[in-house]
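To find a chain, count down the sequence lines: A is the first, B the second, and so on, and within it residues start at 1. As a basis for the values below, the full set of heavy atoms in this structure was taken, side chains included, without hydrogen atoms, waters or symmetry mates. Since the model is a prediction, treat every value here as computed from it, not as a measurement.
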Amino acid sequence: MFSDFDFDAILRALPYLFRDGMSFTITLTLLSALGGLLLGTLIALARIGGGKLLAMVAAGYVNFMRALPLVLVIFWFYFLVPYLGQWLTGAPRPIKVGGFSSALLTFVMFEAAYFSEIMRGGIQSVARGQSSAALALGMTGGQSMRYIILPQVLRTMLPVLLTQTIVLFQDTSLVYVLSLTDFLGAASKIAQRDGRLVEMYCFAALVYFLICFLASQAVRRLQTRVAIIR
Amino acid sequence: MNASAPVIRMQHVSKWYNPHFQVLKDCSLDVTRGEVVVVCGPSGSGKSTLIKTVNALEPFQQGTISVDGIDLHGKGVNLPRLRARVGMVFQHFELFPHLSVLDNLDIAQRKVLGREREEARARSVALLKRVDLSAHAEKFPGQLSGGQQQRVAIARALAMDPVVMLFDEPTSALDPEMVSEVLDVMVQLAREGMTMMVVTHEMGFARKVAHRVVFMDQGEIVVDAPKEEFFGAVTNERARVFLSKILAH
C-alpha cells in the first residue's frame with residue numbers, strides 16, 4: 001500500500017490545500033470562537049442575573065444545543081435559515097444564505113452553548129466576595145461585571161476556552177456535509193481527483209495532529225503566564 | 001443635613017433567611033458622627049449580617065435603616081451612590097487580584113466618582129503612603145501579606161471619601177503577628193474622628209478607641225453601652241460570659 005506513496009502529489013497540492021482549505025478552516029474557527037464567546041457570555045449572564053424567565057430560556061437553549069449532534073445542527077441551520085430569513089424579512093421567497101454564512105451561524109450558536117457553561121462556572125467562582133467588594137465601592141452590577149468579574153473570569157478561563165477552540169478547530173471539518181471546502185474538504189477533493197487517497201488523508205491527519213498538538217502545548221505554557229496571583 | 005443626626009440609624013430591623021430562621025431580631029442602633037461603635041458577640045450571633053445590612057449588601061425584611069439621612073428602603077433610592085459613601089472592609093480583604101495595588105485604589109474613584117486619572121492617582125498615592133505601603137504600589141494583591149492586603153483594602157475604602165467606615169471582622173483572617181499593623185491604622189483613623197462601625201473580637205481595640213460597645217447574641221442586640229460601662233460593670237449575664245471567654249486568653 002505504501003510502495004507507491006507519492007510525496008510529489010502532496011507537494012503539488014500544497015498551495016491549494018493551504019490557500020483555499022486551511023484559510024477557510026482557520027477563518028471559520030476564529031470567527032466562530034469569537035462569536036461563540038460573545039454569545040456564550042451573554043447567555044451565561046442571562047442565566048445568572050437575568051431574571052427567572054430569561055434564565056429559563058437561556059438554560060433551555062444550552063441544554064437543547066448540547067443534546068444535539070453537531071452534524072444535525074449544521075444540516076438543520078442550512079435548510080432552515082433561508083426560510084427563517086424569509087419569515088423575518090417578509091421576502092417573497094426563501095433568502096439566499098451562502099454555505100459559509102450558514103456554517104458560521106451554526107458554529108456560533110452551537111459553541112455559544114459550550115462557552116456559556118465555561119463562563120458561567122467562572123463567573124460563579126469569582127463572583128461571591130468580589131462582587132460584594134465592587135458593590136460596596138458603589139459600582140453598579142454592570143460595572144462590577146465589566147471591570148471586576150469578567151476580566152478575572154476571562155483570564156482564569158482562557159486555557160479552557162482555548163482548549164475548547166482547539167476542539168472547534170477539529171469540528172469545523174464537519175462542514176463537508178455542506179460541500180464546503182475546508183482543509184479536509186480540499187484534501188478530500190484532491191484525493192478523489194488524483195486517486196491519491198492514502199497520501200492526502202495521511203497528510204491531512206498529520207497536519208491536524210501537528211496544529212492541535214502544538215496549540216495544546218502553547219495553551220499549557222500560557223496557562224502559567226496568565227494565571228492571576230492569589 | 002443636621003450635623004447631630006446619626007450617620008447610621010437602624011430601627012427595629014429584622015431579617016429572616018427563611019420563615020423558620022430569623023437572623024436579626026428587632027435590632028435598633030444609632031451611630032452618630034465621629035463615633036466609634038464596636039459590635040461583638042459569639043459567632044453566628046448575626047453581627048456580620050447586621051453590619052452588611054447598613055450598605056444593603058444584605059437585604060432585610062422589617063424595620064428601617066437610614067445612612068446619612070437616606071432611607072435604604074426609600075422610594076427611588078440610588079443604592080450605588082449611597083454605597084459609594086459607605087466604606088467597607090471585609091474579613092477576607094476582597095482586593096481585586098487582577099489589578100495592581102494602585103489600580104485597586106483608582107478604579108472606583110474613576111468609574112464611580114468620575115474622577116480624572118491624575119486626581120484619582122494622586123489620592124491613591126497619598127492614601128498608600130498613609131497606610132505605609134508606598135513601596136508596594138505597583139505590586140499585585142497576591143504578592144502582599146495578609147496584613148498588607150487589609151491595609152490596602154482600608155485605603156481603597158478611604159479613597160472614596162466615605163462618611164462612615166464599616167469593618168467586618170477586619171483582623172480575624174490574619175496571622176496573629178499581622179493583627180496589630182491593621183489595628184494601628186484603624187486606631188489612627190478613629191482618633192482622626194472617622195465615624196466607624198466595627199465588628200471585631202479585639203477588645204483591646206475597643207478599650208482604646210470605642211465610644212460604645214454593642215453585644216449581640218442570637219440575632220439580638222443584648223447590650224448597647226458606653227465603653228466604660230461595658231468593660232466596667234456589664235450586668236448582662238450572656239455578655240459577661242462572652243467577655244470572660246475572650247478575655248481569658
Proximity of residues 46-57 of chain B to chain A, residues having a non-hydrogen atom under 4.5 angstrom: Asn55(B), Leu57(B)
field: Heavy-atom contact with chain A under 4.5 Å, split by part of Leu82(B)
entry: neither
field: Sequence neighbours excluded, every pair satisfying salt bridge (Lys or Arg N to Asp or Glu O under 4.0 Å) that has a member inside residues 49-67 of chain A
entry: Arg66(A)-Glu117(A)
- request: Identify which of Pro80(B), Ala84(B), Pro162(B), Ala157(B) forms the greatest number of heavy-atom pairs closer than 4.5 Å to chain A.
  value: Pro80(B)
task: Name the orientation class of the two ring planes belonging to Phe183(A) and Tyr208(A) (parallel below 30°, tilted from 30 to 60°, perpendicular beyond 60°).
output: perpendicular
field: Sidechain N-carboxylate O distance under 4.0 Å for Glu94(B), Arg128(A)
entry: no
Side-chain heavy atoms of Ile154(B) within contact of Met165(B), under 4.5 Å: yes
- prompt: Using a cut-off of under 4.5 Å for heavy-atom pairs, which of His92(B), Arg85(B), Lys111(B), Arg81(B) has the most such pairs with chain A?
  reply: Lys111(B)
message: Is the terminal nitrogen or CZ of Arg156(B) (NZ for Lys, CZ for Arg) located under 6.0 angstrom from the six-membered ring centre of Phe96(B) and within 45° of that ring's axis?
response: yes
- prompt: Looking at Asp68(B) and Arg9(B), does any basic side-chain N land under 4.0 Å from a carboxylate oxygen?
  reply: no
task: With sequence neighbours left out, write down each residue that passes side-chain contact (heavy atoms from CB on, under 4.5 Å) with Thr224(A), or none if nothing qualifies.
output: none
- prompt: With side chains defined as the heavy atoms from C-beta onward, is the minimum distance between Val77(B) and Ile70(B) less than 4.5 Å?
  reply: yes
- prompt: Which bit of Ile228(A) comes within less than 4.5 Å of chain B, counting heavy atoms only: side chain, backbone, both or neither?
  reply: side chain
Residue among Gly142(B), Ala153(B), Pro141(B) with most heavy-atom pairs under 4.5 Å to chain A: Gly142(B)
message: If the contact rule is any heavy atom under 4.5 Å from chain B, which residues of residues 143-176 of chain A qualify, in numerical order?
response: Gln143(A), Tyr147(A), Ile148(A), Pro151(A), Gln152(A), Arg155(A)
query: Can you check whether Glu169(B) reaches Phe90(B) side chain to side chain, under 4.5 Å on heavy atoms?
result: no
query: Between Phe110(A) and Tyr114(A), how do the two ring planes meet: parallel, tilted or perpendicular, split at 30° and 60°?
result: tilted
Contact check, side chains of Val38(B) and Met196(B), non-hydrogen atoms, under 4.5 Å: no
- prompt: Can you tell if the side chain of Leu180(A) reaches within under 4.5 Å of the side chain of Phe24(A), non-hydrogen atoms only?
  reply: yes
